[in-house]
Participant: 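I have a structure I would like to understand better, so I am pasting it below and will then ask my questions one at a time.
Note that this is a predicted model, so its numbers are computed, not measured.
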Amino acid sequence: EYMGMKEIIFLYFGQAGIQIGESCWELFCKEHCVDLDGTAVALKFAEQAGKISTIFSEAKDNKYLPRTLFIDLETSVNDKIRKGKLKNVFSSSQFISGKEDASGVFTRGKDAREMANPCIDILRKETEKCDNLQGIVAVSSLAGGTGSGLCSLLLQRLSVDYGKLKKLSIHHLPSRSSSSNVLEYYNVIMAMETIVEHTDATTFFDNQALYNLCDKELGIKSPTFCTINEIIAQSISSVTTATRFESSVDADLRAFCTNLVPYPRIHFLKSSYAQLVSAENKYHKISSAEEITQRVFDPSKSMLSCDDEKGKYIASFLSYRGDISSHCVSDAMISLKSHTPINFVEYSPGGIKYSISQKLPEVVNESVFAKTARSACNISNNTSIAQVFDKTAHAFDMMYSKRAYVHWFSNEAQHEMRTYREGFEDLKKDYEEVCLSDRDSFQLPLRLRKRYYLNLSLIHISEPTRPRLISYAVFC
């Protein structure tokens, strides 16, 4: 069992990323029976802690240290965690701070190269504590300068130093209803090139969808950032549940990417979670496996502002937790496919995978959420995410057409903005083309084909089309 442990290291960048990280680790400690002083709760630990070595490393005196780093270009956000309720959970070496923040500018974060080597050195020490490291998860907001720029810089270094590991990224996207930085759409477009090239899977969230979720599910009109971060933490926890606890499927990060990513560039995912119940309604809302399965495919439960009905599912992964049997899930899947119109691309007609863990979903102390008997999280690859790309591109074009605020970026970055925008347009076209491919006359889209031709060996190709595709690969 010890040799089967597959460790994960989490990296949090910038103010938003670090605040999400604080919510995540408060939840992780609760799930793995680790007290807020870093020690294991003895009575519960043996049977409920799960595979704790996945995200914690054992230290002296029965203490457990999280496998994580908090990275920012200024000290104030890290200092709050150092002095907060989790101050005894982390080691001081896990906080890496610079001397001056990025002021919301991508290039200031990307040019902070003096931060790269210290981060990589401390990360290497964390990896040396692992026996079977499976991957690295990076969390940030692309609206900020540190979350977009410095995160991009470190992702590039990770591709060089840890090329064989799976690299997942989780990013918060800007929304017009709650904008805090006029440069945020510039930052997103400029960071996307690195995310496309140097991550294996990426999950997006945005505030507008999360606010709507709080309003409809919890009855909270104006949620705090703590409430928003708790919802994101529940989704992040669900992604790694099958790795951290006994599950019907050992869905590690490699299997997660294999199931959800058909082509290397088409790796952008969205999340939905059920069920969210307020503390006042905890005795009135008890849902079955079938009901929560229906809910996670409801577009109104999405954590990203896009309409699933205008797109097609490429693949979907459901993580069930709590009092759920495989028989109930099988019945829920049959009911889902017969009653709910879910459109899959033609070459992936049944792309729903799932895992079941008997570990009950947890909530942190003083949470606005109630603890439920069961939950489900749907991480899906859906072409409707192109709607988010369209909104982002439109906002970028509106500003860039007038050259508004470009003076805040370096001269080199100003000249490269058009190149970044063209690369983003290629990504949008990739999602359009992936919907056009069908089972009978399979043709890999050109941009997906030209850089990753070695992956053709992993794709089933019928004999009549094989010589043509091989000639494309030789040409590339």
Participant: Any heavy-atom pair between the side chains of D307 and S384 that's under 4.5 Å?
Facilitator: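 Of all side-chain heavy-atom pairs linking D307 with S384, none is under 4.5 Å.
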Participant: Do K129 and E126 meet the salt-bridge criterion of a basic N to acidic O distance under 4.0 Å?
Facilitator: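 Looking at K129 together with E126, the answer is yes, because their closest N to O distance falls below 4.0 Å.
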Participant: Atom CD in E7, atom CG in D131: separation rounded to 0.5 Å?
Facilitator: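 Result: 5.5 Å between the selected atoms.
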Participant: Can you tell me if S237 and R244 form a side-chain donor-acceptor pair at under 3.5 Å?
Facilitator: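 Indeed, the side chains of S237 and R244 share at least one donor-acceptor pair under 3.5 Å.
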Participant: Is K216 reaching over with its side chain to a backbone N or O of K301, donor-acceptor style, under 3.5 angstrom?
Facilitator: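 Between the backbone of K301 and the side chain of K216 there is no qualifying donor-acceptor contact (under 3.5 Å).
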Participant: Tell me, do H171 and C151 make a side-chain contact under 4.5 Å, heavy atoms counted?
Facilitator: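 SC-SC contact between H171 and C151 confirmed.
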Participant: Return yes if some donor-acceptor pair links the side-chain N/O of D101 with the main-chain N/O of L73 below 3.5 Å, else return no.
Facilitator: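 Not confirmed, D101 side chain does not pair with L73 backbone.
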Participant: Closest heavy-atom contact between L260 and L269?
Facilitator: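 The pair with the smallest heavy-atom distance is CD1-CD1, 3.8 Å.
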Participant: Applying salt bridge (charged side-chain N to carboxylate O under 4.0 Å, His left out), run through D121 and R124 and close with a yes or a no.
Facilitator: CA-CA 5 Å; D121 290 341; R124 185 172 292 112; 3.3 Å; yes
Participant: Heavy-atom distance under 4.5 Å between the side chains of E74 and K99, does that happen here?
Facilitator: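 E74 does not reach K99 side chain to side chain.
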Participant: Starting at OG of S288, measure out to CZ of R374 and round the result to the nearest 0.5 Å.
Facilitator: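 Those atoms lie 7.5 Å apart.
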Participant: Do the side chains of L158 and L11 get nearer than 4.5 Å, heavy atoms only?
Facilitator: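 Yes; the side chains approach each other to less than 4.5 Å.
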Participant: May I ask you to decide if the ring planes of F268 and Y431 are parallel, tilted or perpendicular, using 30° and 60° as cut-offs?
Facilitator: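 Geometry flag for Y431 against F268: tilted rings.
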Participant: Where is the tightest heavy-atom contact between C130 and R67, given as atom of each residue plus distance?
Facilitator: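 That would be SG-NH1, 3.4 Å.
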Participant: Could you tell me the separation between the CG atom of L427 and the CD1 atom of I195, rounded to the nearest 0.5 Å?
Facilitator: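 Here the rounded value is 10.0 Å.
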Participant: Evaluate V160 against Q156 for side chain to side chain contact (heavy atoms under 4.5 Å, CB included), listing each step before the verdict.
Facilitator: CA-CA 7 Å; V160 175; Q156 291 176 351; over 6 Å; no
Participant: Distance check, rounded to the nearest 0.5 Å: L336 atom CG versus S338 atom OG?
Facilitator: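 Separation between the atoms: 8.0 Å.
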Participant: Taking R295 first and then D298, would you say they form a salt bridge - that is, a charged N and a carboxylate O separated by under 4.0 Å?
Facilitator: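 Looking at R295 and D298, the cut-off is not met.
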Participant: Name the orientation class of the two ring planes belonging to F424 and F389 (parallel below 30°, tilted from 30 to 60°, perpendicular beyond 60°).
Facilitator: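 Correct class here is perpendicular.
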Participant: Distance-only, no hydrogens or angles: does the K30 side chain make a donor-acceptor pair with backbone N or O of V363 under 3.5 Å?
Facilitator: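 Yes: the side chain of K30 pairs with the backbone of V363.
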Participant: For the residue pair T240 and V137, establish whether any side-chain heavy-atom pair is separated by less than 4.5 Å.
Facilitator: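 A side-chain contact is absent here, since even the closest heavy-atom pair is not under 4.5 Å.
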Participant: Do you know which two heavy atoms are closest between P66 and V89, and how far apart they sit?
Facilitator: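 Shortest heavy-atom contact: CD-O, 3.3 Å.
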Participant: For E290 and S335, test the side chains for any donor-to-acceptor distance below 3.5 angstrom and give the result as yes or no.
Facilitator: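 There is such a pair (donor and acceptor under 3.5 Å, judged by atom type) between the side chains of E290 and S335.
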Participant: Taking T383 for its side chain and K312 for its backbone only, find out whether a donor-acceptor pair lies under 3.5 Å.
Facilitator: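 Yes; judged by distance alone, with no hydrogens or angles, the pair exists.
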Participant: Could E26 and K85 be called an ion pair, given the rule that one side-chain N must be under 4.0 Å from one carboxylate O?
Facilitator: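 Here E26 pairs with K85 in a salt bridge, since their nearest N and O are under 4.0 Å apart.
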Participant: If you count the non-hydrogen atoms of other residues, nucleotides and ligands that lie under 6.0 Å from CD in E366, is the total more than 12?
Facilitator: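 Atom CD in E366 is not crowded, with 12 or fewer foreign heavy atoms closer than 6.0 Å.
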Participant: For E31, is there an ion pair with R321 - N to carboxylate O distance below 4.0 angstrom?
Facilitator: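 A salt bridge links R321 with E31.
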Participant: Is any side-chain heavy atom of F245 less than 4.5 Å from a side-chain heavy atom of H32?
Facilitator: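 They are in contact (side-chain heavy atoms under 4.5 Å apart), so the answer is yes.
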Participant: Quick one: does S235's side chain have a donor or acceptor within less than 3.5 Å of a partner on I231's backbone?
Facilitator: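 Side chain of S235 to backbone of I231: no pair is present.
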Participant: Please check: side-chain N/O of K371 versus main-chain N/O of L360, any donor-acceptor pairing under 3.5 Å?
Facilitator: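 No: the side chain of K371 does not pair with the backbone of L360.
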Participant: Do I352 and F344 have side chains that get closer than 4.5 Å, going by heavy atoms?
Facilitator: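 A side-chain contact under 4.5 Å exists here.
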Participant: Are any side-chain N or O atoms of N187 and backbone N or O atoms of G104, one a donor and one an acceptor, separated by less than 3.5 Å?
Facilitator: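 Side chain of N187 to backbone of G104, a donor-acceptor pair under 3.5 Å: yes, one is there.
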Participant: What are the two closest heavy atoms between I96 and I122, and how far apart are they?
Facilitator: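 Scanning both residues, the minimum pair turns out to be CD1-CD1, 3.6 Å.
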Participant: In Å, rounded to the nearest 0.5 Å, how long is the span from CD1 of I9 to OG of S57?
Facilitator: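 One finds 9.0 Å between CD1 of I9 and OG of S57.
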Participant: Within a radius of less than 6.0 Å around NZ of K310, do more than 12 heavy atoms belonging to other residues, nucleotides or ligands occur?
Facilitator: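 No, NZ of K310 has 12 or fewer neighbouring heavy atoms, counting only those of other groups under 6.0 Å.
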Participant: Are M115 and L153 close enough, and set up right, to give a side chain to side chain contact (heavy atoms under 4.5 Å, CB included), and what steps lead you there?
Facilitator: CA-CA 9 Å; M115 290 284 291; L153 176 64; 5.9 Å; no
Participant: Check the orientation of Y12 and F10. Use parallel for under 30°, tilted for 30 to 60°, and perpendicular for over 60°.
Facilitator: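 Y12 vs F10 ring planes: parallel.
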Participant: Tell me the closest heavy-atom pair linking C306 and K270, and the distance in Å.
Facilitator: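 Reported closest heavy-atom pair: SG-CE, 3.4 Å.
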Participant: Partners of R254 by salt bridge (Lys or Arg N to Asp or Glu O under 4.0 Å), sequence neighbours excluded?
Facilitator: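 Per chain and number, R254 pairs via salt bridge (Lys or Arg N to Asp or Glu O under 4.0 Å) with no residue.
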Participant: Answer yes if the side chains of T199 and H267 hold a donor-acceptor pair under 3.5 Å, and no otherwise.
Facilitator: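 Checked: T199/H267 side chains pair up, N/O donor to acceptor below 3.5 Å.
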Participant: Closest approach of T243 and K51, non-hydrogen atoms and distance?
Facilitator: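 In this case the closest contact between T243 and K51 is O-CD, 3.3 Å.
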Participant: Return yes if some donor-acceptor pair links the side-chain N/O of N381 with the main-chain N/O of I266 below 3.5 Å, else return no.
Facilitator: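 Yes; at least one donor-acceptor contact below 3.5 Å.
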Participant: Going by distance alone, is a donor N or O of one side chain under 3.5 Å from an acceptor N or O of the other, for N207 and S175?
Facilitator: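 No.
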Participant: Give, for atom OG1 of T293 and atom CD1 of I324, the distance between the pair rounded to the nearest 0.5 Å.
Facilitator: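 Answer for the OG1-CD1 pair, T293 versus I324, is 7.0 Å.
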Participant: Starting from the C-alpha separation in whole Å, work towards a yes-or-no answer on side chain to side chain contact (heavy atoms under 4.5 Å, CB included) for F205 and I228.
Facilitator: CA-CA 10 Å; F205 301 89; I228 296 296; over 6 Å; no
Participant: Please determine whether a side-chain nitrogen of the Lys or Arg among R108 and E100 lies less than 4.0 Å from a carboxylate oxygen of the Asp or Glu.
Facilitator: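 Salt bridge flag = no for E100 with R108.
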Participant: Is any side-chain heavy atom of I189 less than 4.5 Å from a side-chain heavy atom of F106?
Facilitator: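 Sidechains of F106 and I189: no contact.
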